[in-house]
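What follows is one structure encoded as C-alpha cells, with my remarks underneath.
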Number of protein chains: 2
Amino acid sequence: MANTHVKEMKALKEHLGKHQLKLTRQRELILSAFLRQEHITAEAMYHQLAKSDPHLGLATIYRTLNLFCDAGLAQARHFGSQTQYDNITHKGHHDHLICTGCQKIVEFENEEIERLQEEVASKNKFTITTHRLELYGLCSRCRH
Amino acid sequence: MANTHVKEMKALKEHLGKHQLKLTRQRELILSAFLRQEHITAEAMYHQLAKSDPHLGLATIYRTLNLFCDAGLAQARHFGSQTQYDNITHKGHHDHLICTGCQKIVEFENEEIERLQEEVASKNKFTITTHRLELYGLCSRCRH
DNA sequence: ATTGAAATTGATAAGCCGTATCAAGATGAT
DNA sequence: ATCATCTTGATACGGCTTATCAATTTCAAT
C-alpha cells in the first residue's frame with residue numbers, strides 16, 4: 001500500500017483495535033483499492049482485484065466493505081438492485097441530470113442546493129453524511 | 001373504483017393504449033389501492049389486498065407496480081433490501097431524509113430546492129419530468 | 001353477441017445479491 | 001515460538017424480484 005491514504009489506514013487500525021479485530025493482507029489490499037474509487041460495488045471490486053489476487057473471495061470483499069462502513073470510511077447505498085459503497089472520505093460530490101430519452105447523464109454541482117439540504121436536515125435534527133439527487137427528464141434533442 | 005383518481009386512471013389508460021396493453025380488473029384494483037398510499041412495497045400491497053382478493057398473485061403486483069412506473073404514476077426506490085414504490089401523484093412530490101442508523105424516513109418538501117433544480121435543468125436545456133432527492137444521515141437519537 | 005388473436009394472470013421456478021456457515025489458515029499478544 | 005482468537009475462501013442458504021408457461025381474459029373485428 002502506498003503511503004497515500006495514511007489517514008484512512010490509521011482510522012481503520014483504530015477501529016480494529018477497539019473491536020479486537022485484526023489487520024490482514026486482504027483488508028489492506030481492499031482498503032487501498034477502495035480509496036481510489038468514489039463509489040464501487042462489491043462485485044466490481046471483486047473483478048478488479050481478481051487480476052492481481054485471483055483467490056480473494058467475494059465474501060471477503062462484502063465483509064470488508066461492511067467493515068469499512070462500521071469504521072466510518074464507507075457508506076452503503078442501494079442503487080438499482082445492487083449496493084454501492086461510497087467512499088465518504090472522497091471530496092467533490094456531484095449530482096446527476098439524466099435524460100430518459102437518450103440516457104445521457106450530465107453531472108452538476110450546486111452549492112445553494114447543498115446548503116438548503118443542510119438546512120432541511122438541521123431542521124429535522126439530522127446529520128447528513130451523504131445524499132443523492134437525480135433529475136430525470138428530456139434533453140433538448142430528445143424533447144423534439 | 002371510486003370516481004376519485006379519475007385523472008390517474010386516464011393517464012394509465014393512455015399509457016395502455018399507446019403500448020397495446022389491456023385494462024384488467026387487477027390493474028384497476030391495484031391502481032386504486034396504490035393511489036391511497038404515499039409509498040408502499042409490493043409485499044405490503046399483497047397482504048393488504050389479500051383480504052379482499054385472495055387469489056391476486058404477488059407477481060401481478062410487481063408487474064403492475066412496474067407498469068405504473070412506466071406510465072409515470074409511480075417511482076421505484078430501493079431501500080434496505082426492498083423496493084418502495086412511491087406515488088408521485090400524491091399531493092406534489094416529496095423528498096426523503098433517511099436515517100442510516102434506525103431506517104427512519106422523514107418526508108419533506110422544499111420549494112426553494114425545487115426551484116433551483118429547475119434552474120439547473122434549464123441551464124442544461126433539460127425539461128424535468130421527475131426527480132429524486134434523498135439525504136442520508138443520522139437522526140438525533142442515532143447520532144449518540 | 002361471438003370470435004379469435006394477443007395480452008394477462010397466477011403459481012412457481014429460477015436468478016440475483018448479500019449473508020451465514022465452517023474447516024483451514026493467519027494474526028498477534030504473551 | 002506458542003496458541004487462543006480472528007479471518008479467510010468456498011459454498012450453502014435466504015430474501016426479494018423476475019421469468020416461465022398454461023389457462024384465462026380482454027378487446028377489436030366481425
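For the numbers below, each heavy atom of this structure counts, side chains included, while hydrogens, waters and symmetry mates do not. Lettering follows sequence order; numbering is per chain, from 1.
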*asked:* Within the 4.0 Å heavy-atom criterion, would you say A/Leu56 contacts the bases, only the backbone, or no part of the nucleic acid?
replied: sugar-phosphate
*Report yes if the side chains of A/Leu116 and A/Val120 come closer than 4.5 Å at any heavy-atom pair, otherwise no.*
no
*Roughly, in whole Å, what's the span from CG in A/Asp53 to C1' in D/dG9?*
11 Å
*Could you check how far CG of B/Leu49 sits from C1' of C/dG10, rounded to whole Å?*
15 Å
*Charged N to carboxylate O below 4.0 Å: is that the case for A/Arg115 and A/Glu119?*
yes
*Between A/Thr60 and D/dT7, is there a side-chain N or O to OP1/OP2 distance below 4.0 Å?*
no
*Rounded to the Å, how far apart are B/Ile61 CD1 and C/dT8 C1'?*
15 Å
*A/Glu112 backbone acceptor or donor facing A/Asn110 side chain under 3.5 Å*: yes
*Please report, rounded to the nearest Å, how far the P atom of C/dA26 is from the CG atom of A/Leu16.*
19 Å
_Sidechain N-carboxylate O distance under 4.0 Å for A/Arg132, A/Asp86_ = no
*Contacting residues from residues 63-76 of chain A, given that a heavy atom lies under 4.0 angstrom of DNA chain C*: A/Arg63, A/Asn66
*asked:* Output the rounded distance in Å from CD (B/Gln82) to C1' (C/dC16).
replied: 16 Å
*asked:* We want to know whether A/Gln75 and A/Thr129 form a side-chain donor-acceptor pair, criterion being a heavy-atom distance below 3.5 angstrom.
replied: yes
*asked:* When you compare the side chain of B/Asn87 with that of B/Glu38, does any pair of heavy atoms fall below 4.5 Å?
replied: no
_Close side-chain approach of B/Thr64 and B/Thr24, heavy atoms under 4.5 Å_ = no
*Candidate nucleotides D/dT17, C/dC17, C/dG10, ranked by approach to the side chain of A/Ser81 - the nearest*: C/dC17
*A/Ser140 and A/Arg143: side-chain donor and acceptor closer than 3.5 Å?*
no
*asked:* So if I define the base as every atom that isn't primed, P, OP1 or OP2, how would nucleotides 23-30 of chain D read as a B/S/- string at a heavy-atom cutoff under 4.0 Å?
replied: ---BS---
*With a non-hydrogen cut-off below 4.0 angstrom, is B/Gln20 in contact with a base, only sugar-phosphate, or nothing?*
sugar-phosphate
*If we fit an axis to the first five pairs and another to the last five of the helix from C/dA1-D/dT30 to C/dT30-D/dA1, what angle do they make, to the nearest 10°?*
40°
*To the nearest Å, how far apart are A/Leu58 CG and C/dT19 P?*
10 Å
*To the nearest Å, how far apart are A/Tyr46 OH and D/dT8 P?*
15 Å
*Starting from C1' on C/dT12, measure out to OH on B/Tyr62 and report it in whole angstrom.*
14 Å
